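Just so you know, these numbers come straight off a predicted model, no measurement behind them. Order of the sequence lines sets the chain letters (A, B, ...), proteins ahead of strands, with each chain counted from 1.
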4 protein chains.
Amino acid sequence: MKRVELNKENKRASLLKTSFQLFSEKGFAKTSISDIVKEAGMAKGTFYLYFKDKYDLRDQLVIRKSLQVIREANEALESKPQKGFENQFIAYVDHIIECLEKDKILLRFINRNLSGALFESMMEGAIGADLQNLLRRCEESMAAEHIICSNLHLMVFTLMELLSGTMYSCILDGQPVTMEEYLPYLHESIRAIIHAFCREQAEDTENPAEP
Amino acid sequence: MKRVELNKENKRASLLKTSFQLFSEKGFAKTSISDIVKEAGMAKGTFYLYFKDKYDLRDQLVIRKSLQVIREANEALESKPQKGFENQFIAYVDHIIECLEKDKILLRFINRNLSGALFESMMEGAIGADLQNLLRRCEESMAAEHIICSNLHLMVFTLMELLSGTMYSCILDGQPVTMEEYLPYLHESIRAIIHAFCREQAEDTENPAEP
Amino acid sequence: MKRVELNKENKRASLLKTSFQLFSEKGFAKTSISDIVKEAGMAKGTFYLYFKDKYDLRDQLVIRKSLQVIREANEALESKPQKGFENQFIAYVDHIIECLEKDKILLRFINRNLSGALFESMMEGAIGADLQNLLRRCEESMAAEHIICSNLHLMVFTLMELLSGTMYSCILDGQPVTMEEYLPYLHESIRAIIHAFCREQAEDTENPAEP
Amino acid sequence: MKRVELNKENKRASLLKTSFQLFSEKGFAKTSISDIVKEAGMAKGTFYLYFKDKYDLRDQLVIRKSLQVIREANEALESKPQKGFENQFIAYVDHIIECLEKDKILLRFINRNLSGALFESMMEGAIGADLQNLLRRCEESMAAEHIICSNLHLMVFTLMELLSGTMYSCILDGQPVTMEEYLPYLHESIRAIIHAFCREQAEDTENPAEP
DNA sequence: CATGAATGAGTATTCATTCAT
DNA sequence: CATGAATGAATACTCATTCAT
């Protein structure tokens, strides 16, 4: 029964916003549709005009929020380009960390609610496109720098799993150390993995760009 | 007196086993206590003689199952000792992977239900002791090989986060590749991270403590 | 809009009526919410749209029923005014007795369920206002008759405790005698207590009775 | 699981004592047999060796506790005899008040749990005998003082109802005043009621029992 | 579009009571 | 006598979903 919440105009947005708050506070399982509509200041029936059920709402929420993080990281990367593939990648990672460190609730939310099934469906939507984009840009950078990667997909996968796991622990729990303390080690680990996957192309003269 | 004690332990074991099965099949949220006791063939009230509630049951389950994996890996490691710290660690990881690849349900269960709060409480129990043990053994190995690690704790943290994230994806979803395909890359990544954290001690005799 | 409001009030009334019946028949503790809604012909959930729980329902019931008795006694008193404070008070008491003798279930219900805590909260609501009214009227009567009461509050308290205790025994159990038999003794006792608390104002000459 | 509570010897007494405490603290309805035996440090089954059920236990408790109060008042009265029937009665009342003011828990317990049905059954047991005793003593006192009471039973009934109602309010709730403040008014009311029921016998010789 | 009253299946939890040991 | 594990009926309460207005 809070406000009338920008009445009319944008009920869907209001429901998304309210439910994000409640899911973060009380968790998904303990948040009822009743709670959401009461907080959003509308009637129960209205919920079903916009979402199929609670799960539908959650999934839309995860997609929007994840997309938002990735977009922000992309934009930040474009506005401040780095020299060299390795540095670019690390800058990208730092943007994501910075973004989620500012919005810990979002981090917790994404981590809690990002199920495998949903993740795959996201990969075929806008997020997938964005990530394809990222991969392509990586390839370009590496080509420009004459770097050969044994398996780009798996390298990104490895790096992303490392990032998401450690980020969650350090940012949210400060366990085993805070993100600030961990960051140099993370950077080193990332560089080490990149080196493990990549090698520089042999001499320019002998190998004139893959004949 | 013995008969009765035995019977109790059977009851508890039966509840744990049944609920593990149901949680794995239908998920924790969609499994009711009714389901569990019906499947286990006992009265509802009996459940409450052994567990405080569904959450208590789940936590005990996670602890038992996790402990089991770690113990198995420890035993396997002891029975087949490896040469060198790096190889030892990789063998340890391989044991865990092997163990969870055989029991995917267990992997899914642990990953789904291992919340941060529970994890920390586990670290103060038997599992914590086992992991302390592991760390100590690492230290001994490294000392014996004159390897200096910049931060052993954070190295193990990094390696474990990498392992658990990739393991979940590859073993359970086969995404982006199967574990079999990913394994060589994982090994390389592990070695790379270890190298990033460690360096060999300078000359044996002279070694004037970092000149 | 009106139809719906009306329907709601009917539902609430139906629950109150049904539960009063059941509480009277089987007692509060042995009446379940299931019983009530079954008897009232509605769904379980509907109950919780109108009352917080069984205790809330009971309290609302006690308040309504008590108010009803007091209101009736007030109305009866106004329609048949008596001469003199003492007679007025006795007439008031007789109205209450008459009213509860006709509705023994109500008497039993009020007596059983009127806890101290609820009683006090009632005293701050409509019932309190009604009783304040009664006290004020008593004061006026007494002033008009030049009667001085050493402590009006305590007198009414004393009389009411006497009334409620004896009423319950005599009307409901016929113990030690029926109300009919006891009534003259009750009247005498009331008069005696009033005399014990009050005395007539001194001599006419000095204070010529407010001419 | 407290102590072993004077093990063997006196389980019944232990159960009575423990349950009195718990009933007083949490109320009868919210005290379970589990609570009682746990607190008394014995097994559930043991309860049923001594009491039929919770209601049986409560009733025995009420009887014992009530008897105790009456006995104490009787003993106190005998040890400090008063001059005159009226003073005797008031002394008796004061003893009861004093006794219950010291043990408010007991007062609350008796008031909460003394149902009409139980009361009657008590009247046919030891308590009834004690009260008969009291009545007989009253008659003797009055005869000795040449006082004639229009109805001794109803007078005692009236006085007792007045006493119990006001005592509960004043002692336990301090409402509308404390017992200390109320006591003089109570005494006056009692004397007034006694006077209303009794009159002194006219001259001894000339007045041969109401001509 | 929006409402919110009504539903009733479903859930966790309690507890008096029994009975084999 | 004493135990306490086992029972399962019973209870309060929740909540996603529908539908008449």
Minimum side-chain heavy-atom gap [X]-[Y] below 4.5 Å:
X: A/Arg108; Y: A/Ser24; result: no
X: B/Gln68; Y: B/Leu106; result: yes
X: D/Ile63; Y: D/Leu118; result: yes
X: B/Leu57; Y: B/Leu16; result: yes

Tell me which residues in residues 26-39 of chain C put a heavy atom below 4.0 Å from DNA chain F, sorted by number, or none.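 Those residues whose heavy atoms fall under 4.0 Å from DNA chain F, taken from residues 26-39 of chain C in numerical order, are C/Ser32, C/Ile33.
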For DNA chain F, find the residues of residues 48-60 of chain B with a heavy-atom distance under 4.0 Å and give them by number; none if there aren't any.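 Heavy-atom cutoff 4.0 Å gives B/Leu49, B/Tyr50.
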State whether the number of non-hydrogen atoms from other residues, nucleotides or ligands found under 6.0 Å of B/Lys26 atom NZ is greater than 12.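 Counting other residues, nucleotides and ligands, NZ of B/Lys26 exceeds 12 neighbours.
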For C/Arg71, what residues pass the salt bridge (charged side-chain N to carboxylate O under 4.0 Å, His left out) criterion, not counting sequence neighbours?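 For C/Arg71 the salt bridge (charged side-chain N to carboxylate O under 4.0 Å, His left out) partners, ignoring immediate neighbours, are C/Asp130.
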Mind checking the C1' distance from F/dT21 to E/dC1? Whole angstroms is fine.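 Result for the C1' pair: 13 Å, nearest Å.
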May I ask you to verify if any side-chain N or O of C/Thr46 is less than 4.0 angstrom from the OP1 or OP2 atom of E/dA6?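 No.
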Check this one for me: any side-chain N or O of C/Lys11 less than 4.0 Å away from OP1 or OP2 of E/dA6?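 Yes.
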Report the distance from atom [atom1] of [X] to atom [atom2] of [N], rounded to the nearest whole Å.
X: B/Glu5; N: F/dG4; atom1: CD; atom2: C1'; result: 11 Å
X: B/Glu9; N: F/dA6; atom1: CD; atom2: P; result: 11 Å
X: A/Asn10; N: E/dA2; atom1: CG; atom2: P; result: 11 Å

Do A/Lys11's NZ or CZ and the ring of A/Tyr50 fall within the cation-pi criteria of under 6.0 Å and 45°?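 No, A/Lys11 does not lie over the aromatic ring of A/Tyr50.
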Cation over ring, C/Arg58 on C/Phe23, under 6.0 Å and within 45°?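 Geometry flag: not set, cation outside 6.0 Å or 45°.
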In chain order, what residues pass the ring pair (Phe, Tyr, Trp, His ring centres under 6.0 Å) check against C/Phe109, with sequence neighbours excluded?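 Result, ring pair (Phe, Tyr, Trp, His ring centres under 6.0 Å) vs C/Phe109: C/Phe20.
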Would you mind telling me which residue lines up with the more 5' stretch of DNA chain E, C/Ala43 or B/Phe47, judged by nearest nucleotide?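 Whichever sits nearer the 5' end wins; that is C/Ala43.
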Intra- and interstrand pairs of DNA chain E - dot-bracket, Watson-Crick/G-U under 3.5 Å, | marks other strand: .||||||||||||||||||||
F/dT3, E/dT7, F/dA5: which one has an atom nearest the side-chain heavy atoms of D/Lys44?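 Comparing F/dT3, E/dT7, F/dA5 against the side chain of D/Lys44, the answer is F/dA5.
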Using residues 41-48 of chain D as the side-chain source, report each donor-acceptor pair under 3.5 Å to any protein atom, sequence neighbours left out, with the distance given to one decimal.
residue : atom : partner : partner atom : Å
D/Lys44 : NZ   : D/Ser34 : OG           : 3.1
D/Thr46 : OG1  : D/Ala43 : O            : 3.3

When you match B/Asn7 and C/Gly45 each to their closest nucleotide on DNA chain F, which lands nearer the 5' end?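 Residue closer to the 5' terminus by nearest nucleotide: B/Asn7.
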Short question: side chain of C/Lys54, backbone of C/Thr31 - any donor-acceptor pair under 3.5 Å?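 Indeed, once roles are kept as given, a pair shorter than 3.5 Å links the two residues.
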